Amino acid sequence: MTLRAAARNAVGAAFERAIASGRLPDVPEARAAEIEVSRPAKPEHGDLAANLALRLAKPLRMAPIAIATALAEAMVEVRAADPGSAIGTAEAVNPGFLNLRFTDAAVEAIVDHARREPAGWGRGTGASSGRHVNVEFVSANPTGPLTVGNARGAFVGDLLARVLEAGGQRVTREYYFNDSGAQVRNLGASVLAIREGRDVPEDGYHGEYVVDLAAEVPDTVVAARTGDDAEEQRAWAAGRWASDRIRKGIEASLASLGVRFDVWTTEGSLLEHGWVDRAIARLREGGHLYEADGATWFRSTAFGDDKDRVVIRSNGSLTYFAYDIGYVTEKLSRGFDHLIYIWGADHHGTVARLRNAAEAMGFDKAAVEVILTGWVHFLQDGQELSMSKRAGTFIALDDLLAELGADAARWYFASRGANVNMDVDIELAKKQSSENPVYYVQYAHARIASILRKAADTGLAAAPSVAGSLGEGPEGTLARVVARLPEVVEDAASAQETQGVTTYATELATAFHAFYRDARVVDPDEPERSAKRLALVDATRISLANALALLGISAPEQM
RNA sequence: GCGCCCGUAGCUCAGCGGAUAGAGCGUCAGGUUGCGGACCUGAAGGUCGUGGGUUCGAGUCCCGCCGGGCGCGCCA
């Protein structure tokens with residue numbers, strides 16, 4: 001149990017006690033109040049503060065401070081009945097907060113726990129623990145290398161997956177390839193054109209990589225065909241070959257970012273296995289489809305959308321939306337409790353129809369979640385860079401990462417909300433990458449590793465427990481930050497965000513650096529105190545390493 | 001025009017309805033006869049876009065307006 005959970009329980013118990021002892025009136029409405037504790041901005045206000053008294057003022061018709069005082073008195077009795085209580089003191093202060101302070105023993109126990117089970121420290125405490133989630137992200141079309149524009153989705157998706165896993169959920173990372181659309185044919189036609197010295201067609205691809213593909217495509221792939229559609233056949237063959245080649249490159253790029261996928265699904269396979277047909281049949285059986293203007297429509301407006309949506313065009317071909325509903329059916333058939341799609345903000349218009357279709361097919365709409373990532377504007381010399389694979393005017397993700405480093409890029413995206421737009425000046429980013437806060441955190445980790453090496457050389461070892469060492473010195477401050485990791489992970493998993501983790505890692509590094517300044521760790525003249533401090537510092541190292549691992553960032557032993 | 005997202009320090013961004021709104025970078029002034037100076041201490045810098053409302057309490061919730069982005073196809 002986290003210290004925060006213990007504090008909530010204690011406040012709840014104190015509330016019950018205050019009613020039982022007649023200090024507070026028994027009002028049903030008040031009993032329904034949720035117990036909340038939060039970290040005060042100022043350390044002198046304690047480790048946690050409860051606002052219960054402020055919330056109860058109206059239903060109890062009492063002054064907040066009077067309620068807080070009653071709770072504080074009741075807390076004394078609760079503690080007396082529970083010698084192992086994590087709460088040391090509870091103080092009622094104006095305007096009505098109940099400021100709580102942990103016992104050193106409770107904090108020490110948590111720190112010892114971190115060292116006893118370093119691998120699991122901080123993990124597995126989320127609210128949706130046990131849920132099996134599918135996270136689909138990147139899913140860039142195989143018509144060109146990943147660009148810096150794809151970086152957002154790659155990191156947001158991977159970070160989300162890591163956070164959910166840390167919260168005890170099972171995650172399947174999935175990549176969807178649109179491998180059979182007209183764009184693949186266009187890519188093939190572009191490859192052929194360059195190979196044969198013709199101009200690239202109007203809706204073709206102009207990037208440097210197409211020239212490379214044209215030089216490498218085997219003769220057998222683009223051999224002459226017969227029949228009326230001979231050129232069409234050649235374009236498709238070249239396109240399939242090229243997109244397969246590009247796909248391998250995409251996988252390699254993602255691997256270098258530390259992003260891996262469990263499942264790769266192709267558009268072609270959905271069709272092949274009948275998922276699209278089954279989904280359409282399912283909608284038809286439910287009476288959610290109708291014919292108009294020669295096309296087949298989904299009655300999305302019946303579920304709150306502002307327009308109905310075409311599923312089958314009047315020429316008989318399937319819309320992208322048709323594949324979407326086939327895919328959502330296929331995913332849910334695999335037994336996931338929850339689906340998360342990571343899409344760019346430009347796709348927000350398609351969210352409603354997808355969720356509506358899922359509902360129409362009898363699935364739980366709430367199980368289909370779409371996270372839209374904000375736009376990243378890349379600037380060079382104050383000018384916005386366009387990111388067009390078709391025009392060939394893009395910056396390859398590989399090139400940027402080679403200069404920034406995956407750790408710095410990960411931190412950059414992890415410390416920002418997924419849905420905010422941001423401006424990135426390429427030159428500025430390269431210049432400032434060495435000033436990325438990630439190195440501040442990694443430095444703290446490396447510094448501790450160095451201290452531990454030094455201690456080993458000196459013949460000092462960490463004590464098995466920090467018990468009895470927190471007292472008044474600098475130890476207590478650092479230990480209390482260490483102890484918060486499980487709460488940080490819990491919050492990250494339930495909010496499905498990583499900003500809290502980067503903030504925490506920075507705070508922990510700051511707390512350690514301050515501790516390092518004030519407390520000499522390796523001191524042969526004080527072997528017992530050194531052993532205790534080594535234990536605390538080791539727990540700090542574990543916490544830093546786990547926080548960084550949660551973000552997919554390395555924790556170096558030296559820098 | 002309609003819908004969604006965003007607007008917080010010079011810059012990039014944090015901030016479950018709670019106490020004097022924070023961090024990094026940048027700027028300025030300092031710091032090590034001890035374990036890593038990629039560190040530490042301090043200072044300057046804010047009408048939280050704006051006007052109302054709800055609340056004991058609003059950067060946070062609601063409404064209007066202003067500014068920016070995206071979307072409103074039988075494109076993907």
Side-chain angles (χ1 to χ4, degrees), chain A residues 34 36-42 45 49-51 54-55 57-58 63-64 93-97 99 141 143 178 181-183 267 292-297 305-307 309-324 344-352 372-375 377 411-412 415-417 419-425 428-429 431-432 434-444 446-455 457-458 460 491 494-495 497 499-500 502-503 506-507 509-510 512-514 516-524 530 533-534 537 558-559:
Chain A
E34 193 184 343
E36 290 179 341
V37 291
S38 61
R39 237 154 38 81
K42 305 172 70 171
H45 287 151
N51 62 357
L54 289 159
R55 306 175 72 93
K58 181 173 272 185
V93 297
N94 279 315
F97 288 107
N99 289 341
N141 293 334
T143 55
N178 189 339
Q183 54 199 337
E267 183 185 86
D293 303 327
T296 302
W297 298 71
D305 201 352
D306 51 3
K307 284 178 192 171
R309 306 293 173 175
V310 171
V311 180
I312 306 173
R313 300 190 187 96
S314 53
N315 69 4
S317 65
L318 297 165
T319 60
Y320 187 85
F321 175 53
Y323 286 93
D324 269 350
D346 53 336
H347 283 73
H348 87 250
T350 62
V351 174
L372 298 173
T373 60
W375 227 238
H377 296 279
W411 184 277
Y412 191 84
S415 59
R416 289 152 174 78
N419 64 341
V420 301
N421 297 327
M422 39 196 199
D423 295 329
V424 177
D425 184 306
L428 204 60
K431 205 169 65 188
Q432 290 183 344
S434 63
E435 289 144 9
N436 190 302
V438 72
Y439 300 116
Y440 177 78
V441 176
Q442 289 181 322
Y443 179 69
R447 209 178 197 184
I448 293 174
S450 169
I451 290 173
L452 296 175
R453 285 192 297 268
K454 179 89 176 182
D457 292 346
T458 318
L460 290 168
D491 290 346
S494 68
E497 289 180 343
Q499 298 99 290
T502 56
T503 303
T506 307
E507 285 177 16
T510 300
F512 165 70
H513 286 309
Y516 177 84
R517 179 194 66 222
D518 297 332
R520 185 172 175 188
V521 180
V522 178
D523 185 355
S530 289
R533 286 182 171 172
L534 282 166
V537 157
Q558 48 191 329
M559 297 173 68

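These values consider heavy atoms only, across backbone and side chains, with no hydrogens, waters or symmetry-generated copies. All values reported here derive from a predicted model rather than from experimental measurement. Naming convention: chains lettered A, B, ... in sequence-line order (proteins, then strands); numbering from 1 in each chain.
Counting only distance, with no hydrogens or angles, the side chain of A:Thr296 and the backbone of A:Val311 share no donor-acceptor pair below 3.5 Å. Under the 3.5 Å distance criterion, the side-chain polar atoms of A:Ser317 are left unmatched by any main-chain donor or acceptor of A:Arg313.
For B:G3, the base has no donor-acceptor partner in the side chain of A:Asp306 [N/O atoms by modelled type, under 3.5 angstrom]. For B:G71, its base never sits under 3.5 Å from the side chain of A:His347 at any donor and acceptor pair.
Residue side chain A:Tyr516 fails the stacking definition with respect to B:C39, as its ring centre and the base's six-membered ring centre are not both under 5.5 angstrom apart and under 30 degrees in plane angle.
Here the nucleotide nearest the side chain of A:Arg517, chosen from B:A19, B:C39, B:U41, is B:U41. Side-chain proximity of A:Phe97 to B:G18, B:C35, B:C56: nearest is B:G18.
The partner of B:C70 is B:G3, by the rule that a Watson-Crick or G-U pair needs both atom distances under 3.5 Å. Remark: B:U33 base-pairs with no nucleotide in the shown strands. Criterion, Watson-Crick or G-U wobble with two distances under 3.5 Å. With a cut-off of 3.5 Å on both Watson-Crick or G-U wobble distances, the partner of B:G18 is given as B:C56.
The structure places CH2 of A:Trp411 at 9.0 Å from CD of A:Gln442, a figure rounded to the nearest 0.5 Å.
Between A:Arg453 atom CZ and B:G36 atom P there is a gap of 8 Å when expressed in whole angstrom units. When rounded to the nearest whole Å, the span between CZ of A:Phe321 and C1' of B:G73 equals 14 Å.
Cation-pi geometry between A:Arg447 and A:Phe512 is not satisfied (NZ or CZ under 6.0 Å from the ring centre, within 45° of the ring normal).
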